[in-house]
Amino acid sequence: MLTLSSRHPDEVNDAWDALVASRGLVLDELLARNRSLERATDPKILELRARLGATSRRLSHLTIGGPRDEPPERYLDRLERSRRELDEIERSLALRSREFRIVLEQQRSGLNDVIRELPHGSVLVAYVRYESVAVASGDLPEPTGGGENGSQYLAFVVRAGGTPSAVPLGNAEPISDLVERLRAQIREVSSEPGRSVRHSEESYRTIGSELRRRIWDPLSHYVRGADRVFVVPDGVLNFVDFAALPADGGYIVESSPTIHYLSAERDLVWVEPATRGSGLLVLGGPDFDSAASTFPDVDDTIAEAGVVPSRSVSAPFRGARSSCAKLRSLRFDSLPGSDR
């Protein structure tokens with residue numbers, strides 16, 4: 001689908017919709033189920049939660065393992081029964097738990113829901129790395145390897161209220177190589193603080209400009225004039241600071257819209273929280289290198305707010321000292337101004 005969407009506009013919506021449904025699915029699933037059910041005390045909800053976990057595992061094993069030695073008809077029947085059972089459990093949980101119902105709604109959001117939530121004047125850019133295939137006569141895909149096919153990068157882009165487009169970015173290998181060279185250059189500068197600033201910036205700009213030409217310039221027509229750009233990276237592009245890429249004698253951050261990063265397109269879909277907080281929690285005066293409370297006069301106040309005073313912990317929140325000499329020597333001053 002991704003191969004076809006890069007060549008046929010009619011395929012873009014379906015391909016991107018499938019990507020929206022699958023992006024970050026495992027982590028979202030684990031987080032959402034724990035968040036919505038961890039505080040449940042209703043015995044029926046706890047029972048359904050246990051059944052949900054067991055059925056999910058069984059369905060995963062069936063899907064990944066395949067029919068093995070059993071007849072295909074029997075395997076397909078077991079697969080379908082597990083899917084129906086999972087749907088029934090989810091429906092029962094949604095009826096009993098409003099939080100679970102909200103989570104389920106967000107997980108099932110598609111491309112149309114995402115586009116509907118795009119703020120006015122904004123653009124969504126979603127990258128994806130995929131294995132391209134050769135398209136034979138009749139648009140029938142045939143597996144292939146290497147050459148002009150193989151690993152590719154593709155960018156989906158849509159303006160608020162507009163029509164989605166797919167922009168092919170070419171082979172993944174040159175892009176990955178540029179990202180690694182850029183990261184290596186940054187590491188080199190950080191390990192040699194005495195190097196010439198001008199030389200370091202020139203090296204960064206040389207590599208960064210080439211990377212920008214590959215992953216950002218092909219989208220410039222779509223993001224021009226936008227107020228904000230929401231970026232969903234993929235693969236090695238998760239390591240790229242798009243705003244810090246060189247552009248027009250400066251950097252993208254100086255000449256382009258504000259860039260916001262998302263883990264998945266579904267992050268744009270707002271779902272009403274199950275519970276709403278009240279009041280105001282104000283934090284100030286952090287002291288990163290201290291385990292004891294530096295402001296004992298406010299301990300009673302924060303205790304009333306349900307916050308554990310820092311003096312109750314036995315070690316600094318930042319953790320034990322690193323075994324690395326350079327990190328071990330780092331110290332962080334307190335910020336008394338934020339307390340005042």
Side-chain angles (χ1 to χ4, degrees), residues 1-5 10-117 126 128 130-131 133 139-141 143 156 164 232 234 262-275:
M1 289 182 72
L2 290 169
T3 300
L4 291 173
S5 69
D10 292 344
E11 305 291 340
V12 171
N13 282 47
D14 288 340
W16 197 359
D17 189 58
L19 182 64
V20 168
S22 64
R23 181 106 66 178
L25 190 61
V26 174
L27 291 178
D28 276 2
E29 183 80 5
L30 292 173
L31 177 64
R33 290 186 177 184
N34 286 332
R35 178 184 293 167
S36 64
L37 298 174
E38 63 184 0
R39 296 183 181 179
T41 56
D42 184 337
K44 184 61 177 178
I45 292 181
L46 294 176
E47 177 195 341
L48 288 170
R49 176 183 179 179
R51 289 179 56 199
L52 181 71
T55 306
S56 297
R57 288 190 294 272
R58 184 169 68 252
L59 181 58
S60 297
H61 292 156
L62 284 170
T63 304
I64 296 170
R68 300 186 186 277
D69 298 329
E70 64 182 325
E73 296 80 8
R74 181 180 176 188
Y75 165 74
L76 291 174
D77 180 63
R78 288 205 299 150
L79 193 66
E80 183 58 31
R81 280 191 285 112
S82 293
R83 285 175 178 160
R84 286 199 303 267
E85 184 179 351
L86 188 66
D87 286 342
E88 290 172 3
I89 295 172
E90 287 183 339
R91 280 197 295 270
S92 298
L93 268 172
L95 289 173
R96 289 181 170 269
S97 169
R98 181 169 179 264
E99 287 191 353
F100 184 81
R101 183 165 65 252
I102 290 173
V103 165
L104 211 57
E105 289 173 1
Q106 187 169 29
Q107 284 182 338
R108 292 176 177 175
S109 300
L111 178 60
N112 290 334
D113 302 300
V114 171
I115 295 176
R116 203 161 38 240
E117 294 296 332
V128 58
Y130 69 103
E131 296 299 318
V133 295
D139 281 346
L140 296 176
F156 289 110
V232 184
D234 193 30
L262 305 175
S263 297
E265 294 89 338
R266 295 191 306 277
D267 292 346
L268 280 172
V269 180
W270 185 86
V271 177
E272 183 182 358
T275 57

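You'll find the side chain of Glu85 reaches within 4.5 Å of the side chain of Arg51, heavy atoms only. In this structure, Trp16 and Glu265 have side chains that are in contact, with non-hydrogen atoms separated by less than 4.5 Å.
Here the side chain of Arg23 pairs no donor or acceptor atom with the backbone of Val128 at under 3.5 angstrom. Distance alone, capped at 3.5 Å, places no donor-acceptor pair between the Ser82 side chain and the Leu59 backbone. Under a 3.5 Å cut-off, the side chain of Arg266 and the backbone N or O of Val114 do not form any donor-acceptor pair. Ser22 places a side-chain N or O within donor-acceptor distance of the main-chain N or O of Leu19, the cut-off being under 3.5 Å. A distance-only check finds a donor-acceptor pair linking the side chain of Asp267 to the backbone of Ala264 [under 3.5 Å].
Taking CZ from Arg84 and CG from Leu79, the interatomic distance works out to 10.5 Å, rounded to the nearest 0.5 Å. Note that the CD atom of Glu90 and the CG atom of Leu48 stand 11.0 Å from one another [nearest 0.5 Å]. In this structure, CG in Leu52 is found 9.5 Å from CZ in Arg57, a value given to the nearest 0.5 Å.
A salt bridge is absent between Asp87 and Arg91; no separation between the charged side-chain nitrogens and carboxylate oxygens falls under 4.0 Å.
Between Leu268 and Glu117, the shortest heavy-atom distance links the atoms O-CB, 3.4 Å. Residues Pro164 and Ile115 approach most closely at CG-CD1, 3.8 Å, considering heavy atoms. When all heavy atoms of Asp17 and Gly110 are compared, the closest pair comes out as OD1-CA, 3.5 Å. The shortest heavy-atom contact between Leu62 and Tyr75 is O-OH, 2.7 Å.
With sequence neighbours left out, Arg116 forms a salt bridge (Lys or Arg N to Asp or Glu O under 4.0 Å) with Asp113. Residues passing the salt bridge (Lys or Arg N to Asp or Glu O under 4.0 Å) test with Arg74 are Glu70, sequence neighbours excluded.
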